[in-house]
Structures are given as structure tokens and as C-alpha cells.
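Numbers restart at 1 for each chain; the letters A, B, ... are given by sequence-line order, proteins then strands. Quantities reported herein were computed from a predicted structural model and do not represent experimental measurements.
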Amino acid sequence: MTDPKNRNPLPSPSGPPAAPETEAPGPADGPQKSEQELVRADKYRRLIAAGANPFPHKAERTHSVVGLVGAYAALSTEELAAARVRVVVPGRIMSVRLMGKASFFHISDGRSKIQVYIRAEKAGAEAYERFKLLDIGDFLSVTGELFKTKTGELTVLCESFTFMAKCLHPLPEKWHGLQDVELRHRRRYLDLIMNPEVGEVFRLRSAVISWLRRFFDGRGYIEVETPMMQPLAGGALARPFVTHHNALDLDLYLRIAPELYLKRLVVGGMEKVYEINRNFRNEGIDSEHNPEFTMIEFYEAYRDYHDMMDLTEELFCGLCSDLLNKDEFPYGEHVISLKRPFRRIKFRDALAEGSGLPAAAFDDRPRIIKYAEELAPEKKPVTYGKALDIIFDKRVKERLIQPTFILNPPKEVSPLAKSAAGISEEAARFELMVAGMELANAFSELTDPAEQKARFEQQGEERKKGNEETHPVDLDYVQALEYGLPPTGGEGIGIDRLVMLLADRRSIREVILFPLLRPREEK
RNA sequence: GGGCCGAUAGCUCAGCUGGUAGAGCACCGCCCUUUUAAGGCGGGUGUCGCGGGUUCGAAUCCCGCUCGGCUCACCA
């Protein structure tokens, strides 16, 4: 077997390098190479022939580009000259200005750019000729001293450089970057190379997730991992993906939620647990939905949904002030203000407010169903619960820009929640709406095994009527409840939407590195 | 799944009611040692998404398809 690391040995010192076509692989797909790709492959061959290692194993470096800019950009020309800072800095060539026997170019580390000045006189004629074999997109490591040009730009005066990697394709245009949304998502690496603000969004995403871990760890929660492949897709109402385990000859579902497993852990005495991981729902794709998405779910014993509201306010406000250093931020045309307390309104009152109907009208079920049918004539089988849903979606949701807790939605769509105190038809539950999106969903968990079983069975009846969005009957979970689930508050927060909010992105695909796209043959 | 919009050079885009395919950047050649969307002179590198049709002639008009965006539906 060929050791992949030795695929490209250094050219032998005694003669010209081996067959250029195998040394410098062409584009991975398609027989047609563009003129620019042929030129790049040829320059690559000549560079290797001149002694460059085509695939060096590592680069010594004293600084990163972003580190240099942060540390030295503010120094004056005189201060920088006096400091005599010698650097070895690797990066990707992003632009070149070639001027006879000297050139300026910028290298990037994906976050920041720094200019390099190379003169034949300083670096040597041979090195300068090698430099001219490099292209925009190539990686190299530059050794030299920092100075400022007469326009005041921090620049490395190149004494020598080492080739690091070849870019065999031309990069997108320097001024407009890469605009094509499809290409940006299919080749996210190109998006990251050309559009630095994209990298910032994903750095923010990373910061959000590590902040959340610190938040919960600091409150005595433990992080757990529960099955992604489940024999029953429970914990939410959604269509699952199905897969199959061969050895067990068993159909399994990719989880739509971790909820029932996390609550089994609370039964087992893990009083505070959280999980950050992917859920999978086999449903439509749009600007707020990707088939796989990331949620944090957390459960705390001896708490109810009012406690979870307080915790949620603390979480959102702390996250925002720690990561954005302020308590309000733009989202599209709006300014979102995260100040405690968030508005709290009951589901029914929100419906009344949005529809303009008096709250009492919501006791008149036929009237409400008729109203919903007029709002959405295309939706045929309208139950009372469904009607409330329609009114919420059409009349209420988009108006909820500032953070708002919607309290006590109907119990019939909350099969895992306790009933609200003294109100049998309402669930002890809230949803947090921000910028017209549902960001969080929490309830006082249903702990009564008999009622849980009855609710599951009721869902089973719904399913028989053809409603696919029902919760499966999970008797194993009921048995867990029979061992005793203490009063527990639980909540889920959609990480993708949370990042959309903080990063001011209107599409979930802008906060998922590789959103699901239909595969396509490369051109 | 329905509706609307889009796909033209490596990238960003123009191309009208049908008449030999264009610009900027990038690229190639020549000049240029503090430039920075460097500059000067010269060069267009293309399966106009794919497949049919209409026509003397199609990037352009018609039909079908693929992929994407927005939107509605479905759905947190």
C-alpha cells in the first residue's frame, strides 16, 4: 500500500522532477481545465522543479496574521522601526501588485490580512523569480521584519519565503467576493476564504455554545449524551428519519428530540442535566428550518416553568451582554432589546390581541374555527386547537419582535407538559418568541405516569385519524415515570436560531456551515 | 408540492422587440523598486444550466427538465 504521506516525494536532486501531471494533480473533477487552471498547474510544476516542497509537513511560525495586526498596527513608523520585529508568518495570498523588481501582496489567515513587500534586491533574484511562480490563493510562509509604508500600512519586508500549498483554481473576484448563495453553501471553504464576515458568524456560534456550557456547568448541571438513534421518535411532534440496524434487524429513528431520555436521567437522580446536540426532523426546508439542527435541552428537578422563565431571562441577557457587550442589537429592520423582565402574555390573550377579537370569544369554539377557516381557507380539517394555531401563526407570531414569553398554550399540543394550575385545558408551558421566531420552549414536566399514558393514547387516537404529527406511545418511558419523576422544569433552545438572532442573519443556512442541499454534479 | 424569480468567461454582472457573445476583476505577454480596487501598452480565454421545438437564423421566443433563491403550503 502506498503511504499517502509519501505520495509526493521531493524531486530528486540529480535530475528534473518526476512526471509533472502526477506531481501537480489537476482539478479533482471534470476533464476540462480552464486556461487559468492550466497556467496554475504549470507554475506549480515549475515551482517544484525549482526545489519547492509541494507538500511540506509543517511551518515554523512566530506570529499569526491576526496576532501581528493586533499587536503592531497601532505603532508609529518610528516605533516600529525601533522595535525591529522579525516575524515568520504563514498565510494565503489574497492579492498581488507586481512592479518589476519589487512586489506588494497581501496574505490572509482567514481573519485578518497583512501586506508583504518583496524586493529582488532584498530577498535575492532567485527567490524573487520563485515568487513570480506563486498565484493568488497559494499558501506561503514569509520571513522578514515589520515596517510601515509611506501610506502607513503595516507591512512585512520579505527576506525569504517558503511555499506551503498550491491553489489550483482561480479564486473569486477580490472586490465583490463570492456572492452566489448556492456556491457559498456548497463550497463553504470558498465562502470563508473570500468573505471574512462569514468566519465571524461561525466564531460567534462557537462562542455561544461554549458560553452555554459555562452557564450550565456553573449552575451545577452536568452535560450528558443520549441516543441519537431511537426505537421510538419521541419528545416532540415531528416526522422522523428512519434507518435500520442490520445486526439487530431493527428499524431506528434519528431522534427528533432528546427529551424523554433526559427525563429518564432525572428519574435516575441526575437532578440537573443538559445536552447540546443535533435533532433531525424529516420536514420542509426554509429560512428557519434545516433537517438537522442543534438544540440545547436542559432539565432541573424541583423547578417549574416559572423558574425556567427566570433562568431563560438570565441566560439570554447574560449571553448577549457577554458576547455582544450590550443589551440591544439590530435584527434586520428591528432593534431587539434584551432587558429584564421580558414581556409575559398568555397564549389566549396574545391571540385576542393579534386577532382583535375579545378574549371571551375564544370560548365560542365554532366561532373561532370559522374565523381560522377564513384566515386560512386552504387548510381543511380545522379543529379548535388547530384553529388557535392558525390564528397564532397568521396574526400573532410576526408581531412578536421583542422577547416575549407566550404562556399556557393548549394542552392538546403539549402531551408531555403538566396542566396549568387550576386550568385543565392549558399547559404549564411557555414559548419564548423573539424577532418572530420561536427561540425556546419549556414546561413543567408531566410527572404523573397514568396521565402520561392517557395522553400518549390520546395521541395514538389522533394518529389513527391520519394526523402524522403525533407523539408515539412510549410505554418504556411511562414505566420510568412510574419509578417517580420529581417535579421538574425542562426547556429546549434552538441554537441555530439563537445564532441567527445574535449575528443578524435572516436564514438558518447562514449559521450552519454545511446546510443540506440537493447533491449536484459539478460542472 | 404550488406560485414568482434566477442560472451567460474562474468571479461579479450587462446583453431590448431573434441577426456572428460583452464589461470589470482575474488570467497571458511586455514595461515598472513604497503599491494598495497600483499604473501603462497589447491579448477574450465561453457547451450562454440541460434536452426538445419554432425559425433561413435562438443566449433571446415556446415546451419539458435540473439546481438555487423568495414565497405559500407542510412544519417549530
Where along residues 84-102 of chain A does a heavy atom fall under 4.0 Å from RNA chain B?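 Within this stretch, A:Arg97, A:Leu98, A:Met99, A:Gly100, A:Lys101, A:Ala102 sit under 4.0 Å of the strand.
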Spacing between [X] atom [atom1] and [N] atom [atom2], to the nearest angstrom:
| X | N | atom1 | atom2 | value |
| --- | --- | --- | --- | --- |
| A:Leu190 | B:A26 | CG | P | 18 Å |
| A:Lys150 | B:U33 | NZ | P | 13 Å |
| A:Ile193 | B:C11 | CD1 | P | 14 Å |
| A:Glu129 | B:U33 | CD | P | 13 Å |
| A:Leu157 | B:U35 | CG | P | 15 Å |
| A:Ile390 | B:C72 | CD1 | P | 15 Å |
| A:Asp286 | B:A73 | CG | C1' | 11 Å |
| A:Phe104 | B:C32 | CZ | P | 17 Å |

What pairs with [X] under salt bridge (Lys or Arg N to Asp or Glu O under 4.0 Å), at least two apart in sequence or on another chain?
| X | answer |
| --- | --- |
| A:Glu353 | A:Arg343 |
| A:Lys370 | A:Glu374 |
| A:Asp389 | none |

The criterion is ring pair (Phe, Tyr, Trp, His ring centres under 6.0 Å); which residues satisfy it with A:Phe280, sequence neighbours excluded?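 Ring pair (Phe, Tyr, Trp, His ring centres under 6.0 Å) check on A:Phe280 returns nothing, list empty.
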A:Tyr274: which residues meet the ring pair (Phe, Tyr, Trp, His ring centres under 6.0 Å) condition with it, sequence neighbours left out?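 Expected list: A:Phe216.
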Name the nucleic acid region contacted by A:His106, choosing base, sugar-phosphate or nothing; use a 4.0 angstrom heavy-atom cut-off, strictly under.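 The residue A:His106 makes base contact.
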Looking across every strand, which nucleic acid part, if any, lies under 4.0 Å from A:Glu283 by heavy atom: base, sugar-phosphate, or nothing?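 Sugar-phosphate, backbone atoms only, no base.
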Find the partner of [N]: check Watson-Crick (N1-N3 plus N6-O4 or O6-N4) and G-U wobble (N1-O2, O6-N3) distances, both under 3.5 Å, and reply none if neither fits.
| N | result |
| --- | --- |
| B:C27 | B:G43 |
| B:C67 | B:G6 |
| B:U34 | none |

Pick the closest RNA chain B nucleotide for A:Met433 and for A:Leu517 by heavy atoms, then say which residue is nearer the 5' end.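 Counting from the 5' end, the first nearest nucleotide belongs to A:Leu517.
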Nearest-nucleotide comparison on RNA chain B, the residue closer to the 5′ end among A:Pro172 and A:Ala120: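 Its nucleotide being nearer the 5' end, the pick is A:Pro172.
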Taking side chain to side chain donor-acceptor pair (under 3.5 Å) as the definition, give me every residue that meets it alongside [X], ordered by chain and number, with sequence neighbours left out.
| X | result |
| --- | --- |
| A:Glu173 | A:His176 |
| A:Thr404 | none |
| A:Arg344 | A:Asp310, A:Glu313 |
| A:Lys148 | none |

Considering only the P atoms, how many Å lie between B:C67 and B:A59, rounded to the nearest integer?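 That atom pair is separated by 25 Å.
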Quantified in whole Å, what is the C1' atom distance between nucleotide B:U66 and nucleotide B:G29?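 Rounded to whole Å, the distance is 41 Å.
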Has A:Arg509 got a side-chain N or O lying under 4.0 Å from the OP1 or OP2 atom of B:G69?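 So the side chain of A:Arg509 is within the cut-off, an N or O lying under 4.0 Å from OP1 or OP2 of B:G69.
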Within the pair A:Lys122 and B:U33, is there a side-chain N or O less than 4.0 Å away from OP1 or OP2?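 No, outside the criterion.
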Can you find an N or O donor on one side and an acceptor on the other, under 3.5 Å apart, linking the side chain of A:Thr149 with the base of B:U35?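 By the distance-only test, yes, there is a pair.
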Do the rings of A:Phe430 and A:Tyr305 sit parallel, tilted or perpendicular, given the 30° and 60° boundaries?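 Ring orientation, 0 to 90° scale: parallel.
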Pairs: protein N or O with nucleotides 27-29 of chain B N or O, under 3.5 Å:
| residue | atom | partner | partner atom | Å |
| --- | --- | --- | --- | --- |
| B:C27 | O4' | A:Gln36 | OE1 | 3.2 |
| B:C28 | OP1 | A:Lys43 | NZ | 3.2 |

Compare the minimum distances between each of [options] and the side chain of [X], then state the nucleotide with the smallest one.
| X | options | result |
| --- | --- | --- |
| A:Lys394 | B:U71, B:G10, B:C72 | B:C72 |
| A:His289 | B:C75, B:U35, B:U34 | B:C75 |
| A:Pro170 | B:A37, B:C67, B:G10 | B:G10 |

List, with names and distances, any nitrogen or oxygen atoms from the protein found under 3.5 Å away from nitrogen or oxygen atoms belonging to nucleotides 12-15 of chain B.
| residue | atom | partner | partner atom | Å |
| --- | --- | --- | --- | --- |
| B:U12 | OP1 | A:Gln179 | N | 3.0 |
| B:U12 | OP1 | A:Asp180 | N | 2.9 |

Is it true that a side-chain atom of A:Arg205 and a backbone atom of A:Val511 form a donor plus acceptor pair closer than 3.5 Å?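 Pair found, side chain donor or acceptor close to backbone of A:Val511.
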